[in-house]
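Have a look at the structure below before the remarks.
Position 1 is the first residue of the sequence; numbering continues from there.
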Amino acid sequence: MPPDQNRSPHASDTLARIAGRSAVIGIIGLGYVGLPLVNATARAGFRVTGFDIDPAKVDLLNRGRSYIDAVPGSAIDGHRRAGRFHATMDFAEIANCDVVVICVPTPLTRQREPDLSAVRKTAQSIAAALRKGQLIVLESTTYPGTTREVLVPILEESGLVNRRDFFVGFSPEREDP
């Protein structure tokens, strides 16, 4: 297959790292969506950095323990011992990730709309460490257009440009909390 002449070299490099399983995956929000995603991604052979703002969660995970029934502590401990997983509160480590998946909560407001405050804060943290070639995926439950209208403008405050320097995607989670 001939190379896509319109594809950014940053995209080609990132896709090659993903295909070769050498990409580092960052997962932000280690709750009922993020932690199972950590487990599946590490099980698939990727190195995973888990990000959370809760020091108790980070501590438990770095000791090889789980707080989610769907993810056994033995799995987390195995990934950790194999060097495929560690958890952190240091969002500067986002710069080391090739793919960053946002799995933060978006509880409904009184108006029955998703509260995007965690998504916005997370986007600001990513923008502070964003580098060329990264793929940022919003997996938090929200309305259509959030990626384009909320996430991308915050990320572009970094000075980098979507679709040229970095890339975004949306993968809605469908699990009922």
Linking I/L/V/M/F/W/Y whenever any side-chain heavy atoms sit under 4.5 Å apart, do [X] and [Y] land together?
| X | Y | value |
| --- | --- | --- |
| Val104 | Val152 | yes |
| Val38 | Val24 | no |
| Leu138 | Tyr143 | yes |
| Ile126 | Val58 | no |
| Phe91 | Ile136 | yes |

- Message: Show the nearest heavy-atom pair for residues Ala56 and Asp54, with the distance to one decimal.
- Response: N-OD1, 2.9 Å

Does [X] reach the side chain of [Y], with side-chain heavy atoms less than 4.5 Å apart?
| X | Y | result |
| --- | --- | --- |
| Gln134 | Thr14 | no |
| Leu151 | Ile102 | yes |
| His79 | Arg43 | yes |
| Leu37 | Glu139 | yes |
| Ser66 | Leu60 | no |
| Ile94 | Phe51 | yes |
| Thr146 | Leu116 | yes |
| Val119 | Ile154 | no |

- salt bridge (Lys or Arg N to Asp or Glu O under 4.0 Å) between Asp115 and Arg110, intermediate numbers included: CA-CA 10 Å; Asp115 176 352; Arg110 287 185 180 169; over 6 Å; no

- Message: Can you tell whether the side chains of Arg17 and Asp13 come within less than 4.0 Å, N to carboxylate O?
- Response: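 No.
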
- More than 12 heavy atoms from other groups under 6.0 Å of CZ on Arg84: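 Yes, the 6.0 Å shell around CZ holds more than 12 heavy atoms from other groups.
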
- Message: Donor-acceptor pair, distance only, cut-off 3.5 Å: does the side chain of Asp59 make one with the backbone of Pro55?
- Response: no

